[in-house]
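Lettering of chains follows the sequences in order, A, B, ..., and the numbering in each one begins at 1. A quick note: this is a predicted structure, and the numbers were derived from the prediction, not measured.
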Amino acid sequence: MEAPSTLRPAARLTLTELPLLGEGLILGLSVQSDRVSADLPERLAELGFLPGARVRVLARALFGDPIAVRLGSGTFALRRFEADCITVQVLAPPVCGAT
Amino acid sequence: MSPLEPCIALVGNPNCGKTALFNLLTGSRQKIANYAGVTVERKEGRLTSPAGRRMQVLDLPGAYSLHPRTPDEAVTCDYILGRLPGEVPPDLIVAVVDATNLSRHLRLVVALKRVGYPLVVALNMSDLARRRGVAVEPAALAEALGVPVVSTVGVRRDGAASLVEWLDAHFSIVRVAVEHVEPAEPDRGDVAATANDQREVERVLAAVGRLDPPIDTPSDRIDGIVLHPVFGPLILAVTLFLMFQAVFAGARPFMEALTALVAMVAGWINASIAPGLLRSLFVDGILAGAGSVVVFLPQIVLLFAFILVLEDSGYLPRAAFLLDRLMGGVGLSGRSFIPLLSSFACAIPGIMATRTIPNPRDRLVTILIAPLMTCSARLPVYTLLIGAFIPNRTLALGVGLQGLVLFVLYAVGLLSAFVAAFCLQFATGKRTLQPLQMELPSYHWPSLRNLGIGLWQRIEVFVRRVGTTILALMILLWFLSSVPAPPPGFTGPAIEWSLAGRLGSFLAHVFAPIGFNWEISIALVPGMAAREVAVGALGTVYSLAATGQDVAGALTPIVAQAWSLPTALSLLAWYVYAPQCLSTLAVIRRETGGWRHPLLVAGAMFLAAYIAAGVTYHVARWWLGAG
């Protein structure tokens with residue numbers, strides 16, 4: 001399977017799409033929907049969701065919403081639409097699913 | 001407040017252990033009030049150092065940044081920026097940081113440094129950081145930050161020693177007249193500015209050779225199970241079920257002992273005081289009234305103990321996480337769960353806990369539905385009626401019928417709250433997607449000391465209430481029920497001739513359609529002050545109505561004999577909604593800033609109580625008549 005771009009496919013995801021227990025590096029914050037308040041990226045940044053920070057999805061509730069995200073040594077619960085605002089680069093595959 | 005005493009303010013992120021440190025610094029010498037004009041709790045204490053210097057200590061609400069998102073954060077920011085009316089700016093800021101989570105917590109320190117007050121950093125939870133192998137040297141951090149740093153352990157008895165020593169040694173710095181400080185305005189707080197501060201934090205951490213936090217802590221492994229999509233909700237359901245089961249079964253022996261004690265005191269008074277007004281005041285007024293409320297102390301203590309343990313261990317935010325989706329269905333968020341669970345103990349702390357909800361609409365709806373949670377003051381009424389009317393039978397699987405009825409009463413309250421929230425969602429207008437952004441702090445064993453302090457505060461409040469409000473109302477009711485004395489030829493119980501008897505027979509017209517007799521109608525009036533007073537009032541009323549009989553502590557057989565089953569069920573249904581709790585209405589007024597919402601709550605609950613009781617009464621009568 002060959003990808004045309006230099007980036008491997010699926011290397012760039014939103015935090016929502018990051019597999020359970022997989023690790024990611026935050027690339028940027030952006031607002032995806034007009035139903036979301038415009039200062040959401042600022043709020044997320046204040047909690048520490050900043051470009052360059054490492055994140056890991058610890059748990060997903062029933063139906064995948066909300067999700068629990070490890071950030072540094074803190075854990076935060078985010079709703080799906082909030083996690084959608086965070087773009088990540090996949091750093092490591094899920095710990096248990098690694099080959 | 002003496003102008004000579006310097007004031008130090010504790011500032012930090014939520015969950016940095018700030019309050020534990022504050023308790024350690026000030027001990028029991030705390031004063032809890034509100035900030036002028038806002039309903040945020042202001043905690044002030046006094047510290048006397050080993051060298052004998054006295055300082056005021058202020059525990060400011062936790063904040064993630066100097067750009068407030070909640071009413072709590074706004075107080076912290078305004079105070080620091082000198083914009084809070086009626087407050088003198090601090091002489092020194094103690095920035096409390098979680099040593100295990102420096103890369104986030106130090107960002108607030110960077111922002112505080114820019115504001116310009118004298119600053120010292122308390123590296124809190126330093127024991128935990130050492131155990132996890134992420135500890136940094138205070139001296140090295142001070143060097144890199146350019147701010148003095150001491151390490152503290154909020155949960156150990158001597159954990160604040162180094163901070164107190166520092167304060168002693170640098171007292172003259174603390175005394176620097178702060179009039180010279182002109183607080184700098186914070187930056188705009190956009191992503192770029194926050195990222196800038198974060199770069200500064202990373203520079204500092206690189207300089208002290210910080211190690212990366214371990215990827216997999218014990219807390220994470222617990223979360224793997226507790227937050228699991230299937231096991232998580234299961235664990236939550238079992239926990240809540242066990243909690244209510246324990247509150248009922250576990251408290252029983254203690255309640256029986258208290259009942260026996262009250263009866264013993266009554267017997268002793270009967271034996272030592274000649275019959276007459278004085279003996280009647282003690283036995284019928286005080287013991288039958290206040291005594292029948294005191295009996296419920298064990299249940300209330302157990303309920304609070306459970307809630308405090310869940311809160312202290314860090315489980316409550318997890319429960320909120322698991323329930324977020326469910327609460328989203330009625331337009332609320334998981335954040336509303338914590339105030340609502342507290343409301344099972346009492347709606348007042350529950351309503352005050354809504355201050356942590358950033359969205360004003362969510363907060364208002366949570367306040368409005370909180371009184372529907374079955375508070376502990378309803379328990380005495382439920383326990384009395386269930387004990388008197390529901391047979392103590394075991395259904396399948398060891399589930400008792402009495403426990404089941406109690407569970408149904410809780411469930412009906414909860415269900416009504418969800419229906420109310422669902423309806424309110426249309427009344428409060430269109431909404432955008434609401435963020436959750438809730439921190440899930442690391443699990444830790446609840447500290448026995450904090451648990452003890454918390455429980456003692458509840459017991460004190462309850463006993464004080466029994467000793468003041470309830471006692472006074474009981475004596476007043478006893479008086480109203482005893483005068484005027486009936487004329488010599490009167491054959492019925494004396495209370496029917498009294499003022500209270502006449503008021504009761506008037507009110508009975510209003511409540512007769514829902515099956516209440518005049519004794520219940522009378523008991524509902526003092527029950528306005530607090531719901532559980534109704535039980536005490538019934539004790540007094542029946543004690544005075546019964547001729548020569550001793551009812552102190554023995555209300556159950558009396559109501560079992562005097563009331564029909566439909567009347568009892570109707571009163572149970574009434575108490576699911578029971579609007580009468582003046583303190584709750586007062587708190588709603590304070591928190592919403594007007595009379596509109598408390599009046600709305602009182603009116604809606606009165607109507608709901610009347611309708612529910614009426615429907616229950618007539619359905620029960622028809623059912624029993626048909627069957």
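- In terms of heavy atoms, A59(A) sits closest to L227(B) at CB-CB, 3.5 Å.
- D223(B) has its side chain out of reach of R70(A): every pair of non-hydrogen atoms, C-beta onward, lies at least 4.5 Å apart.
- Across all non-hydrogen atoms, the minimal contact from R60(A) to F321(B) is C-CZ, 4.4 Å.
- By number of non-hydrogen pairs under 4.5 angstrom with chain B, the leading residue of L29(A), L78(A), D65(A), D39(A) is D65(A).
- With a threshold of 4.5 angstrom between heavy atoms, F49(A) does not approach chain B through any atom at all.
- Note that CG of L47(A) is 10.0 Å distant from OG1 of T194(B), once rounded to the nearest 0.5 Å.
- Put simply, CG on L62(A) and CG on L322(B) are 9.0 Å apart, with the number rounded to the nearest 0.5 Å.
- The two atoms that bring P229(B) and A61(A) nearest to each other are CB-C, 4.1 Å, heavy atoms only.
- Put simply, of L44(A), L71(A), V69(A), the one with the most heavy-atom pairs under 4.5 Å next to chain B is L44(A).
- Between R104(B) atom CZ and L50(A) atom CG the span is 11.5 Å, to the nearest 0.5 Å.
- Between R325(B) and P66(A), the shortest heavy-atom contact is N-CD, 4.5 Å.
- Both the backbone and the side chain of S333(B) come within less than 4.5 Å of a heavy atom of chain A.
- The two residues L440(B) and A68(A) make their nearest non-hydrogen contact at CD1-CB, 4.0 Å.
- With rounding to the nearest 0.5 Å, the separation of CD1 in I67(A) from CG in D324(B) is 12.0 Å.
- Contact count versus chain A (heavy atoms, under 4.5 Å) is highest, among H228(B), R107(B), R318(B), Q198(B), for R107(B).
- Contacts with chain A were tallied for M438(B), E439(B), Q437(B); Q437(B) has the most, counting heavy-atom pairs under 4.5 Å.
- Here the shortest heavy-atom pairing between E46(A) and S65(B) reads OE1-OG, 2.9 Å.
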